[in-house]
Each structure stands twice: as C-alpha cells, then as structure tokens.
**Student:** 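Could you have a look at this structure, given as structure tokens, before my questions?
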2 protein chains.
Amino acid sequence: MKKLDESLLTNLPPFRKLDRSQIRQILDAATPVRINAGDAFFDQGDTAEKFFLLLDGHIRVVKMTPDGEQVIALHIASGQLFGIAAGLGKATYPATSVAADECLALYWPNVMWDRFVATYDGFATETYKVVGERLDEMNKRIVEMATQQVEQRVACVLLRLINQAGRKVPDGIEIDFPITRQNISDMTGTTLHTVSRLLSAWEKSGIVASKRSKVTVTEPHQLVLLSGATG
Amino acid sequence: MKKLDESLLTNLPPFRKLDRSQIRQILDAATPVRINAGDAFFDQGDTAEKFFLLLDGHIRVVKMTPDGEQVIALHIASGQLFGIAAGLGKATYPATSVAADECLALYWPNVMWDRFVATYDGFATETYKVVGERLDEMNKRIVEMATQQVEQRVACVLLRLINQAGRKVPDGIEIDFPITRQNISDMTGTTLHTVSRLLSAWEKSGIVASKRSKVTVTEPHQLVLLSGATG
DNA sequence: CGCATGTTTGAAATAGGTCAAGTGGCGTGG
DNA sequence: CCACGCCACTTGACCTATTTCAAACATGCG
C-alpha cells in the first residue's frame, strides 16, 4: 500500500492545528476504502468499530423505518468525519451511510478515537464543533418539517444542497452529485410525485433546470423567496 | 449563600466518576438559579456565556421561527446538563429554554467547561454521550415527522414524555409537568385543534385521561399500538 | 435494442388544517 | 366569598394541500 499524501489532511478542520509529523502518524494509522455509488460504508445497527473521514464523494445518511420507508437525515461532503459513533458513546451506527457517487474515505479503529482526542490539540474541539453544526442542521429540519409546507421544505432542501455541495456551472449552481426526485422526497417527507410536480413548475418558471438525477438551480434568489426565508 | 450539598451531583452521569473533593470544587464554583414556570433561563440567540445543570423541574427547549411560530425541540428532565453551547463550539444559544414548571438549576461560566473536560475524568465522555442521545432523539423525530401521520406522532410524543418524565399514579402514568394541547401540537407540528380531537377520542376509548394542562396515560400499551411501534 | 430506473401528469380521495363559536375551570381582586 | 376575565379546551363545518392511484413516457446502460 503506497503512502498517503499529507496534503490530504492538512487543511481539514479536525487536523488544522497539527504539524507534518503528527499528520504523518495519523495517515500511517489510516486505512483507505473506496466504494461505488449506491453502496454503503456501514449499515444502521452495525457494531461501530471504526470512524471515517470522507476524502472524496458524497454520502447520504439514511435512516430506515421498521416498515421499510427511508429518510435521508443529512448529506456529508468530502473533508468531513462521519461514522463517529465512537465519539458519542454509541455502540452501533445509528444510520446507514450510502455513497451518492463514488466515494473515497479513510478509516481508523475506534481505539484511535480517544488517542486522537488526547494527543492532538484541537481535534476534539473541531470535531465537536462539527457535531454542533449537525445538531443545528437537524434542528432546522425539525422546525421546517413542523411549520412549513411541502413547497417551502423542498426549496429549503435544494438551497441547503447547493450550499453544501454546489458547483458553479454556466447556467447556475448545480448539485454536485446524482440526486433523484425520490431522494428529494426522502429528505422532505413527501412523495416523489409532489417533488416532480414542484420541479416541473419551477422549471417552467426558469428557477431550476433538471435532467435525470441532476438538478441545477438557475435562480437561487427566487428559490429563497419560495423557501420562506428560513434557509 | 449557603453551601450546596454534595449529594446533589454524586449520582448524575457527568459527575459519577468523581470523588467528594472534586464534587466539592465543582459545587463551590457553581451559581444556583431558580425560575418560575414560563420564564426562560436564556433565549435563542443570546450570547452563550454559561452552561447549566437542571436540578429540579422540567425545561422545554423551544425554537422560534422568523414568523413567530414555535417548535418544541425537546424536553430536559432534572439531572441533565443544558445550554452546553460552549461544548459544541457555539457562540450563541440555539434555542430558548423555558421552564415547564418551577425550575432549579446550577450554572458555571463557560471558561469552566474546558477545565471540567480536562480535569475531571469521565466528564467529557459522559457529556458527549448525552449529546449522542439527543442527536438520536432528534433523528427519531425527523423520521417520525417525515413518515408518520399526525395520530402516530402524537402517540409517540406522549410515550416519549411518560418515559422521560412519567410519574406512576393510581390510574396510569402521568406526565409530571403542566402540558397543554398547544404544547403538544408544537412538539408534533400540528394544531391544537387536532391534538384536542385526538385526546378526546382517546379519552373516550379509555387510553388517556386529561385535565387542564395535565395528561395521564392509562393504557400505555394501546398507545404503543397507535404509535406504529416506532417509539 | 431492450430493460431498469427515473420522471411526468391527470384524476380521485383524504388527512388534517382553518374558521367559527362556545364551554368550563380557576385565580384575582373587589 | 363571589364575580369577572383569562386561558385552556372542545366541537362542528368547511376547505385545500398533498397523497394516492394509475398510466405513460424518457433515458441511458449493458
């Protein structure tokens, strides 16, 4: 196995305060994994034995209900830690991590978690900051689901996605990974039919453009208006 | 100010591993506060300068939307830390903490947070375990809101409440703090009318009994059935 | 080229929200 | 101690956003 390049980690929040030799140590302890779109790094309920860092690609964090329905709790973009059950005192992963596109990640065994926290200055702080942000995001979703109509929720989700995984293209901002109407409905607690109708309508008004599994927002501002300005 | 009794903290998770002298130190650094039902320890958006431990009473964690609607994110029972923005790298409190009944709490200035984490063994671990549990709970709520109908959501909330703050009474399990239909609707993303209709119906079937601002579940098992078994 | 997967769209059905009106307990102040 | 007013609660009637059902229609991969 060839050595991983140190530049992979240098600029990521959890490792920002570390020097080259520390990063070297961390990398030498890491195992790389690559998975295809649609596959999972781990499943909900699996014993949590490792924690991960996503280097490339996008992950959908999916929860399954007992009766088979699924809900997408959030997305993870490259550069972020995930599967950190270890850090939160959990024995099993609370959700499944499905690759939205081809993904490359590193992982470490859980025993390293405490070591990282103890040894590397800033690792704990930066990490729990990320946890705080996820808490916030989930909070916002709860509020949205509780107070807003479907149209606004879908608008919010698209805005959030272009913020987290948007790529500038000539005619607007494109969501940088494959995403279906069904996916969007799993994020908003609605049906693919309703999402389809909404996107069709928005496409007619020139707010979005979409192909199969691909969405581009052409008029973000219009979408903000539709979203009820909650973000 | 008279000295606080050490037994207050001895059996709470964050302090479980500490000895008497350590607990003494912690208590000596704490300030007690008492607030009335309906008042708030802090408001959403306030600069986060302290973190709290609830000794007695029940708190509603409330988020306000820009347009004045409110959503109850979760409840906090006595013995739990709250307002721990500090530990998650946040500069302001993300929600308002309203007392559901008369509340007694201790607080410490934020600077103590890092000290606690560094000095007291087990404090960080136990605390982040609590964060993990809240994440879980929020997750569950998101899934519920996304997949279940109002009736099931309300059933779930009642079950959760009797778990977290239930008190055995002759005719069932009572929620140990005042709670209105409006409160329940703020927790489930519905209207007080719908909640009222549901409770009326359940009261007719003998599943619950309720007075003004008081709910008792008489047939928890029936409620589990109605909840769709997600919990 | 054909199948699987994703998408569109109409029509019918409904859960639950909105509107409106009224009841009843309870604490306060006279 | 009583009456007043507030606040929580209830209930009916109506209305509509969204889901459900059903049926085609694209698109792209093997």
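Just so it is clear: chains get the letters A, B, ... in the order the sequence lines come, proteins before strands, and each one is counted from 1.
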**Student:** Side-chain N or O of B:S200 less than 4.0 angstrom from OP1 or OP2 on D:dC9?
**Tutor:** no

**Student:** From NZ of A:K211 over to P of C:dG6, roughly how many Å is that when rounded to an integer?
**Tutor:**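 Rounded to the whole Å, the gap is 16 Å.
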
**Student:** Could you give the CZ-to-P distance, from B:R153 to C:dA15, as a whole number of Å?
**Tutor:**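 Atom-to-atom, B:R153 to C:dA15, this comes out as 14 Å.
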
**Student:** Quick one: B:Q182 CD to D:dC9 P, roughly how many Å, whole number?
**Tutor:**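 About 9 Å, once rounded to whole Å.
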
**Student:** Can you tell me the distance, in whole Å, between the CD1 atom of A:I179 and the C1' atom of C:dT5?
**Tutor:** 16 Å

**Student:** Describe the nucleic acid contact of A:T190 in one word from base, sugar-phosphate, nothing, applying a heavy-atom distance below 4.0 Å.
**Tutor:** sugar-phosphate

**Student:** Taking for each residue the nucleotide of DNA chain C bearing the nearest heavy atom, is the 5' side occupied by A:T180 or by A:Q149?
**Tutor:** A:T180

**Student:** What's the closest nucleotide to the side chain of B:T191 if the choices are C:dT9, C:dT8, C:dG17?
**Tutor:**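 Of C:dT9, C:dT8, C:dG17, C:dG17 is nearest to the side chain of B:T191.
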
**Student:** Using a 4.0 Å heavy-atom cut-off, does A:T194 contact any base of the nucleic acid, only the sugar-phosphate backbone, or nothing at all?
**Tutor:**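 Result for A:T194 = base.
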
**Student:** What's the CG-P distance between A:L199 and C:dT9, to the nearest Å?
**Tutor:**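 In whole Å, C:dT9 P lies 11 Å from A:L199 CG.
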
**Student:** Test A:Q164 against every option in A:H75, A:Q80, A:E137 by the side chain to side chain donor-acceptor pair (under 3.5 Å) rule and name the one that passes.
**Tutor:** A:E137

**Student:** Can you check whether any acceptor in the base of C:dT9 is under 3.5 Å from a donor in the side chain of A:H193, or vice versa?
**Tutor:**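 Yes, the side chain and the base share a sub-3.5 Å donor-acceptor pair.
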
**Student:** Could you tell me the separation between the CG atom of B:L198 and the P atom of D:dC9, rounded to a whole number of Å?
**Tutor:** 14 Å

**Student:** Quick one: B:Q152 CD to C:dG16 C1', roughly how many Å, whole number?
**Tutor:**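 Spelled out: CD on B:Q152 to C1' on C:dG16 is 14 Å.
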
**Student:** Sub-3.5 Å donor-acceptor pair from the side chain of A:R167 to the main-chain atoms of A:E174, do we have one?
**Tutor:**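 No, the answer is negative, given that no donor and acceptor are paired below the 3.5 Å cut-off.
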
**Student:** Are B:I76 and B:R134 close enough that some pair of their side-chain heavy atoms sits under 4.5 Å apart?
**Tutor:**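 In short, these two side chains touch, coming nearer than 4.5 Å.
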
**Student:** Please lay out, stage by stage, how A:F82 and A:F51 fare under the test ring-ring contact (aromatic ring centres under 6.0 Å, His included).
**Tutor:** CA-CA 6 Å; A:F82 68 101; A:F51 61 97; over 10 Å; no

**Student:** Have a look at A:G38 and say if it touches a base, only the backbone sugar-phosphate, or nothing, with a 4.0 Å heavy-atom cut-off.
**Tutor:**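 Result for A:G38 = nothing.
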
**Student:** Taking the nucleotide of DNA chain D with the closest heavy atom to each, which residue, B:L192 or A:R197, is nearer the 5' end?
**Tutor:**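 It is B:L192 whose nearest nucleotide is closer to the 5' end.
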
**Student:** Select base, sugar-phosphate, or nothing to describe what B:S213 touches, counting heavy atoms under 4.0 Å on all strands.
**Tutor:** sugar-phosphate

**Student:** Give one of base, sugar-phosphate or nothing for B:R212, where a contact means two heavy atoms less than 4.0 Å apart.
**Tutor:** base

**Student:** Starting at CD of A:Q148 and ending at C1' of C:dG17, how long is that distance when rounded to a whole Å?
**Tutor:**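 In whole Å, C:dG17 C1' lies 16 Å from A:Q148 CD.
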
**Student:** Who are the salt bridge (charged side-chain N to carboxylate O under 4.0 Å, His left out) partners of B:E219, not counting sequence neighbours?
**Tutor:** none

